[in-house]
Amino acid sequence: MAFTLNDVIPWGRNLAEYNAMFDLSEEDRQLSILGCGDGPASFNVEGTAQGMRIVSVDPLYDIRASEIRERIDATAREVAAQLRSNRDEFVWTHFADVDELIATRLAAMERFMADYELGIAQGRYVTGGVSDLPFHDHSYDLALCSHQLFLDSEQHNLAFHLQALRELARVADEVRIFPLLELGGKESRHLPAVMMALPRMGLRVEKVSVPYEFQRGGNEMLRIIRTA
Ligand SMILES: C[S@@+](CC[C@H](N)C(=O)[O-])C[C@H]1O[C@@H](n2cnc3c(N)ncnc32)[C@H](O)[C@@H]1O
């Protein structure tokens, strides 16, 4: 059976993975960045420690730390089981095996948990959803969205994706989305229609290769730039 996950799941990658997934240059890292759907990733805490300006937005931040931790534990068990059953959908070069991947992800999420209360107090973790972002127009130079859109193409239709991308492009001058695959490893069923529709909204859109591949074939991001 192909890899599936039913609900919103807390699962977090680290700064090195974000750098690779979005091919972030030194210039990119100077920009004001919105991380949409960052969940319990350590991107924010690690980047902030390096002087980056990052705000993360996610519905998860409405939840108490103890409850997030419980959900992470349950998710880790489910993800480990699914990875073991679907090993061939993934490229095992960066991570030697499932145990190493799970340990890396849990370490990233521990860093997030240790920063959670401070990050909320500093306004770095903001509760909100991608369809209606709680920010003014042009608030950020760059919005990044990892493993939230496209991945769940079965659950979320084309209209949801177009609204989300329009909203991200409203609050940020440039938007990058990774990956472009659905759970199960196929290219998102919505991608062709998204690429046709965005130019009609005054948005330039291109697929860009990145130096990261974990889902087999998933080494491209979508780059969206407002032209009007
Ligand atoms: C698989 S996790 C990815 C976390 C992180 N971006 C990473 O790559 O490590 C998906 C995240 O999307 C968040 N999410 C779900 N629905 C969302 C929505 N409507 N708007 C923003 N984030 C959402 C979940 O709460 C979860 O934290």
Side-chain angles (χ1 to χ4, degrees), residues 3-22 24 33-47 54-65 67-72 74-76 78-80 82-83 90 94-95 101-102 104-113 115-116 119 124-135 140 142-157 159-168 170-172 175-184 210 212-215 218 221-222:
F3 197 112
T4 55
L5 282 169
N6 295 327
D7 295 309
V8 166
I9 55 151
W11 198 235
R13 292 164 185 79
N14 60 28
L15 175 63
E17 289 181 276
Y18 269 69
N19 283 337
M21 291 185 295
F22 296 109
L24 294 180
I33 296 177
L34 176 67
C36 182
D38 277 347
S42 60
F43 170 59
N44 190 313
V45 58
E46 288 188 77
I54 304 169
V55 170
S56 300
V57 63
D58 196 301
L60 187 73
Y61 304 147
D62 204 26
I63 294 173
R64 283 198 316 275
E67 198 182 324
I68 294 181
R69 190 177 285 284
E70 284 169 21
R71 289 196 192 188
I72 287 172
T75 301
E78 186 180 351
V79 170
Q82 294 228 22
L83 286 172
F90 301 92
H94 188 63
F95 300 105
L101 176 125
I102 297 288
T104 305
R105 295 279 151 79
L106 289 177
M109 292 186 274
E110 266 315 312
R111 288 198 71 171
F112 162 83
M113 291 305 311
D115 179 56
Y116 185 50
R124 289 186 287 108
Y125 299 124
V126 175
T127 301
V130 68
S131 303
D132 185 16
L133 292 167
F135 306 109
Y140 299 93
L142 178 62
L144 306 176
C145 190
S146 154
H147 293 84
Q148 195 246 313
L149 296 172
F150 294 125
L151 203 55
D152 60 355
S153 289
E154 189 169 357
Q155 278 174 290
H156 291 299
N157 63 17
F160 174 89
H161 281 77
L162 288 176
Q163 169 61 20
L165 295 170
R166 192 202 321 257
E167 189 62 357
L168 286 163
R170 177 184 69 76
V171 303
V175 178
R176 298 183 192 178
I177 312 289
F178 181 93
L180 306 183
L181 305 184
E182 305 185 7
L183 289 175
V210 298
Y212 183 96
E213 183 178 2
F214 182 52
Q215 277 177 290
M221 67 173 169
L222 202 65

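Because the structure is predicted, anything quoted here is derived from the model rather than measured. Just follow the structure's listing: the first ligand is 1, and inside any ligand the first atom is 1.
At least one N or O atom of Val130, backbone or side chain, sits closer than 3.5 Å to an N or O atom of ligand 1.
Glu46 contributes a side-chain N or O that, together with a main-chain N or O of Leu15, makes up a donor-acceptor pair within less than 3.5 Å. Using a distance-only test at 3.5 Å, with no hydrogens or angles considered, no donor-acceptor pair links the side chain of His156 to the main chain of Phe150. A donor-acceptor distance shorter than 3.5 angstrom exists from the side chain of Glu167 to the backbone of Leu133, with no hydrogens or angles considered.
In the vicinity of Gly39, heavy-atom distances shorter than 4.0 Å reach the ligand 1 atoms 27 (O). Which parts of ligand 1 touch Gly12 is read off a 4.0 Å heavy-atom cut-off, strictly below it: atoms 9 (O). Close approach of ligand 1 to Ser146 is summarised as follows: ligand atoms under 4.0 Å from at least one heavy atom of the residue are 3 (C), 5 (C), 6 (N), 7 (C), 8 (O). Within the listing of ligand 1, atoms 3 (C), 4 (C), 5 (C), 6 (N), 11 (C), 12 (O), 22 (N) sit less than 4.0 angstrom from a heavy atom of Gly37. Every atom of ligand 1 with a heavy atom of Ala41 under 4.0 Å away is listed here by number and element: 9 (O). Residue Trp11 has at least one heavy-atom neighbour below 4.0 Å for each of these atoms of ligand 1: 2 (S), 3 (C), 4 (C), 5 (C), 7 (C), 9 (O).
The option with the heavy atom closest to atom 21 (C) of ligand 1, from among Ser131, Pro59, Pro179, is Pro59. The closest non-hydrogen atom to atom 25 (O) of ligand 1, taken over Asn14, Val57, Leu60, Asp58, comes from Asp58. For atom 5 (C) of ligand 1, the candidate residues are Phe112, Tyr18, Phe43; the nearest heavy-atom contact is made by Tyr18.
Under 4.0 Å is where a charged nitrogen must lie from a carboxylate oxygen, and between Glu110 and Arg105 no such pair does.
Separation of the His147 and Phe178 ring centroids falls under the 6.0 Å cut-off.
In the model, Asn14 has no side-chain atom that pairs as donor or acceptor with a side-chain atom of Ser42 under 3.5 Å. Side-chain atoms of Asp38 and Tyr125 include no donor-acceptor pair closer than 3.5 Å.
In this pair, Tyr116 and Phe112 present their aromatic rings tilted. The plane angle is within the 30 to 60° band.
Residue-ligand proximity: Pro10 is placed with every non-hydrogen atom at 4.0 Å or more from ligand 1.
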